[in-house]
Amino acid sequence: MKAKALFLDRDGVINVDKKYVHKIEDFEFFDEIFELCELFLKKSYLIFVVTNQSGIARGYYTESDFQKLTSFMCAEFLKRGIKISKVYHCPHLQGCSCRKPEAGMLLKAKAEFDINMSESTMIGDNLSDMQAGKKAGLKDLFLLNEDESLKDDFYKKFANLAQLLAYLKGNK
């Protein structure tokens, strides 16, 4: 049986987006992210992080900086009994099949972990996250964004993780 997956963008979903976060001391988790992940784990979802990291190509930080922060982040999840199956990242600026809004990172996860995309979920804070999820054929697309101009019928929009969590507890 194919696995179900929860795909999470990083900055703006897992942690406060402070633009090009690459140091542990600047990484601030959203409190609700752990409860949200536990909800999906109870339903046997694998959890993946799919994140554009153009700060690497821009020279703001190195691949090594990104890997150190990723190790810290995954360890913090593990302390709470939450396993992140894999973190996929795109270090490029443009012209790449892995950079969201393209679906490359999600499709790599599908191939590596035999994921049923039509039973999987994406949570992001940008339209590019929703577009990548749509291109990958995901069932549920949840946008965390307060911008009133962002409205479409192919995703559900919430102001923040707390609103999404309340929705999921009532509907899943």
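The first residue in the sequence is number 1, and the count goes up from there. Since this is a predicted model, take the numbers as computed values, not measurements. Heavy atoms only: backbone and side chains are in, while hydrogens, waters and symmetry mates are out.
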Which atom names give the shortest non-hydrogen contact between [X] and [Y], and what distance separates them?
X      : Y      : result
Val87  : Phe66  : CG1-CZ, 4.1 Å
Ile115 : Ser120 : CG2-OG, 3.4 Å
Ile33  : Leu161 : N-CD1, 3.9 Å
Cys98  : His92  : SG-ND1, 3.7 Å

Got a second to check how far [X]'s [atom1] is from [Y]'s [atom2], nearest 0.5 Å?
X      : Y      : atom1 : atom2 : answer
Gln131 : Tyr155 : CD    : OH    : 9.0 Å
Leu127 : Leu141 : CG    : CG    : 10.5 Å
Met130 : Leu138 : CE    : CG    : 9.0 Å
Met122 : Lys134 : CE    : NZ    : 15.0 Å
Phe30  : Leu144 : CZ    : CG    : 8.0 Å
Thr121 : Lys139 : OG1   : NZ    : 7.0 Å

Got more than 12 heavy atoms from elsewhere within 6.0 Å of [atom1], [X]?
X      : atom1 : result
Lys157 : NZ    : yes
Lys23  : NZ    : no
Lys18  : NZ    : yes

Measure the acute angle between the ring planes of [X] and [Y], then classify it against the limits of 30° and 60° as parallel, tilted or perpendicular.
X      : Y      : value
Phe27  : Phe72  : perpendicular
His22  : Tyr61  : parallel
Tyr167 : Phe142 : perpendicular

Return the set of residues passing side-chain contact (heavy atoms from CB on, under 4.5 Å) with Ala162 (not counting sequence neighbours), or none when no residue passes.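 Counting only residues at least two positions away or on another chain, Ala162 forms a side-chain contact (heavy atoms from CB on, under 4.5 Å) with Glu32, Asn160.
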Ala159: what forms a side-chain contact (heavy atoms from CB on, under 4.5 Å) with it, not counting sequence neighbours?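 With neighbours one apart ignored, the set is Glu146, Gln163.
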Quick one: which residue pairs count as a salt bridge (Lys or Arg N to Asp or Glu O under 4.0 Å) with a foot in residues 54-69, not counting sequence neighbours?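 As it turns out, there is no salt bridge (Lys or Arg N to Asp or Glu O under 4.0 Å) pair with a partner in residues 54-69 once direct neighbours are skipped.
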Can you check side chain to side chain contact (heavy atoms under 4.5 Å, CB included) on Phe29 and Ile14, steps first, answer last? CA-CA 6 Å; Phe29 284 97; Ile14 293 173; 3.8 Å; yes
Donor-acceptor contacts under 3.5 Å from residues 74-82 side chains, at least two apart:
{"residue": "Glu76", "atom": "OE2", "partner": "Lys79", "partner atom": "NZ", "Å": "2.8"}
{"residue": "Arg80", "atom": "NH1", "partner": "Glu76", "partner atom": "O", "Å": "2.8"}

Test side chain to side chain contact (heavy atoms under 4.5 Å, CB included) applied to Ser128 and Arg99, step by step: CA-CA 9 Å; Ser128 61; Arg99 183 170 176 77; over 6 Å; no
Quick one: do Val16 and Tyr20 end up in the same hydrophobic cluster if we chain Ile, Leu, Val, Met, Phe, Trp and Tyr together by side-chain heavy atoms under 4.5 Å apart? yes
Same apolar cluster: Tyr88 and Leu93, side chain cutoff 4.5 Å: no
Show me the donor-acceptor pairs within less than 3.5 Å that the side chains of residues 102-111 make with the rest of the protein, sequence neighbours left out.
{"residue": "Glu102", "atom": "OE2", "partner": "Lys135", "partner atom": "NZ", "Å": "3.2"}

Distance-only check: which donor-acceptor pairs under 3.5 Å involve side-chain atoms of residues 4-12, not counting sequence neighbours?
{"residue": "Lys4", "atom": "NZ", "partner": "Lys43", "partner atom": "O", "Å": "3.0"}
{"residue": "Asp9", "atom": "OD1", "partner": "Lys100", "partner atom": "NZ", "Å": "2.8"}
{"residue": "Arg10", "atom": "NH2", "partner": "Val21", "partner atom": "O", "Å": "2.9"}
{"residue": "Asp11", "atom": "OD1", "partner": "Asn15", "partner atom": "ND2", "Å": "2.9"}

